[in-house]
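Counting starts at 1 for both ligands and their atoms, following the listed order.
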Amino acid sequence: MKFYVLAQPTFNAGEFLRFLADVGESWNRTPGTKSPQELVEVAGRLCYMSFGSRQSPKDNGTYVKNLISMGHESVLEHISWTFLVTGISRAFSHQLVRHRVGVAFSQLSQQYHDETAATAVEPVELAAFPQLREQWKHSLDAAKLVYCKLLEELDKEKNLLPLQRREQLRAIRSIARSVLPNSTETKIVFTANARAIRHILEVRGNIPGDSEMRLFSVNLFQQVVRDAPELFGDFYERALDDGLPILEKQRFDEQASTS
Ligand SMILES: Cc1cc2nc3c(=O)[nH]c(=O)nc-3n(C[C@H](O)[C@H](O)[C@H](O)COP(=O)(O)OP(=O)(O)OC[C@H]3O[C@@H](n4cnc5c(N)ncnc54)[C@H](O)[C@@H]3O)c2cc1C
């Protein structure tokens, strides 16, 4: 599994300071704050115009954690990331695209793209079972063989599919792809805002029996926590007995009481 960060949130602080000057307000910024977290902070502060004398002494990290603790999470929707993720299985991507809110997906098509050269994503657990792994590989080879045969043979049956070439290809690939396994590798461009990412990490990051989802969640977490540490600071990684990471989540108030 590989993550490419195609876009990260940015905050045009100059424009915000221009707004503050227009309304005769000032803002006490927390030194060293990452810009995505500043954007979340100013979106929250704007709701109450808590600038100047009305600004509380909370630093940025405490402020954004407090927003989350009190459920004022729409402000997290102002920052989003776009990732290109490769080396994931179709089975996994089917789970991922079930998420509907605050996300957008663009996935490699098996209708427009010839999958003859497609690889498979091997479940990491199979490495411990060499014989089963061989059978698994064998079934992939068999499926690929039929896939290629269907493409080739159906392409000769133009009268059976009296369609324009583009639609013929779509039809042929649709038929052929039906034999491809769930493990077929796919690529997806995935955009999500911070609120949606927190939701995905929470419901998907902590499922011990789903190693591919765990790996995805941990990768996702590692990317976003770099840009917005406090926004995702209630999540943390730990290794399970299988050696793979899993995400845990603490409540911010628990975190505060232990640190
Ligand atoms: C452990 C686990 C097992 C699962 N097993 C299955 C399964 O066997 N079969 C299966 O089909 N799916 C299964 N799912 C998928 C699950 O049902 C969700 O479709 C998926 O996790 C997306 O979650 P979501 O709807 O919360 O996310 P999103 O679609 O991103 O929604 C985010 C949040 O917005 C709100 N929301 C979104 N849409 C609506 C709406 N229409 N009405 C009201 N509120 C809304 C909800 O609060 C929701 O949590 C499973 C998920 C998990 C984590």
Side-chain angles (χ1 to χ4, degrees), residues 1 3 5-9 36 39-40 43-44 47 64-110 121 123-126 177-178 180-225 227-228 230-254:
M1 183 182 305
F3 267 64
V5 187
L6 301 190
Q8 286 159 285
L39 179 50
V40 171
C47 300
V64 298
K65 286 182 207 166
N66 191 48
L67 288 174
I68 295 169
S69 301
M70 63 194 257
H72 188 173
E73 290 193 55
S74 60
V75 286
L76 307 188
E77 295 168 21
H78 296 298
I79 64 170
S80 59
W81 286 258
T82 300
F83 302 102
L84 165 58
V85 189
T86 64
I88 49 173
S89 69
R90 277 284 238 181
F92 163 79
S93 71
H94 185 74
Q95 292 172 284
L96 181 65
V97 301
R98 294 295 304 281
H99 289 269
R100 299 157 288 177
V101 180
V103 290
F105 301 102
S106 304
Q107 181 169 13
L108 177 69
S109 166
Q110 290 186 331
V121 177
V124 286
E125 297 87 348
L126 266 187
R177 75 171 174 175
S178 64
L180 292 177
N182 259 333
S183 59
T184 304
E185 192 257 355
T186 190
K187 305 175 202 322
I188 202 162
V189 172
F190 159 57
T191 298
N193 68 48
R195 186 181 196 180
I197 291 173
R198 284 184 56 82
H199 179 64
I200 291 171
L201 296 180
E202 186 163 357
V203 299
R204 300 293 196 172
N206 189 256
I207 302 170
D210 193 341
S211 55
E212 197 173 4
M213 187 59 88
R214 276 161 58 192
L215 286 173
F216 172 84
S217 301
V218 166
N219 266 295
L220 179 59
F221 168 68
Q222 288 173 350
Q223 304 296 333
V224 295
V225 79
D227 293 330
E230 271 96 1
L231 222 56
F232 297 96
D234 48 343
F235 292 94
Y236 62 96
E237 284 175 53
R238 77 180 173 87
L240 278 194
D241 290 343
D242 60 9
L244 297 174
I246 195 162
L247 272 188
E248 301 283 2
K249 185 168 180 279
Q250 246 183 337
R251 287 204 323 261
F252 279 128
D253 50 353
E254 285 170 347

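Here the protein heavy atom with the shortest distance to atom 41 (N) of ligand 1 is Arg100 NH1, 3.8 Å. Nearest to atom 53 (C) of ligand 1 among the protein's heavy atoms is Val203 O, 3.4 Å. Atom 1 (C) of ligand 1 has as its closest protein heavy atom Ile207 CD1, 3.8 Å. Scanning the protein heavy atoms around atom 19 (O) of ligand 1, the nearest turns out to be Arg98 NH2, 3.4 Å. Protein heavy atom closest to atom 35 (C) of ligand 1, with residue, atom name and distance, is Val101 CG2, 4.7 Å.
Summarising the contacts of atom 15 (C) of ligand 1 with Arg204, Gln95, His99, the nearest heavy atom is found in Arg204. Closest heavy-atom approach to atom 49 (O) of ligand 1 among the candidates Glu202, Met213, His199: His199.
Atom CG of Leu96 sits about 4.0 Å away from atom CZ of Phe105, to the nearest 0.5 Å. Separating the CD atom in Glu77 from the CG atom in Asn193 is a distance of 5.0 Å, to the nearest 0.5 Å.
Taking the six-membered ring where the residue is Trp, the centroids of Phe216 and Phe3 are separated by under 6.0 Å.
For Glu248 and Arg238, the salt-bridge test passes: some basic side-chain N is under 4.0 Å from an acidic carboxylate O. Remark: Arg198 engages Asp234 in a salt bridge, criterion side-chain N to carboxylate O under 4.0 Å.
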(request) In sequence, state the C-alpha distance, the side-chain angles, and the governing distance for Val121 and Ile88, and then conclude on side-chain contact (heavy atoms from CB on, under 4.5 Å). (result) CA-CA 6 Å; Val121 177; Ile88 49 173; 5.6 Å; no
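Side chains of Gln222 and Glu237: a donor-acceptor N/O pair is present below 3.5 angstrom, by distance only.
More than 12 non-hydrogen atoms from other residues, nucleotides or ligands lie less than 6.0 angstrom from NE2 of His72.
The presence of a protein heavy atom under 4.0 Å from atom 32 (C) of ligand 1 is confirmed. In this structure, atom 5 (N) of ligand 1 is not in close contact with the protein, since no protein heavy atom lies within 4.0 Å of it. In this structure, atom 44 (N) of ligand 1 has its sub-4.0 angstrom surroundings free of protein heavy atoms. Using a 4.0 Å threshold on non-hydrogen atoms, atom 8 (O) of ligand 1 does not count as touching the protein.
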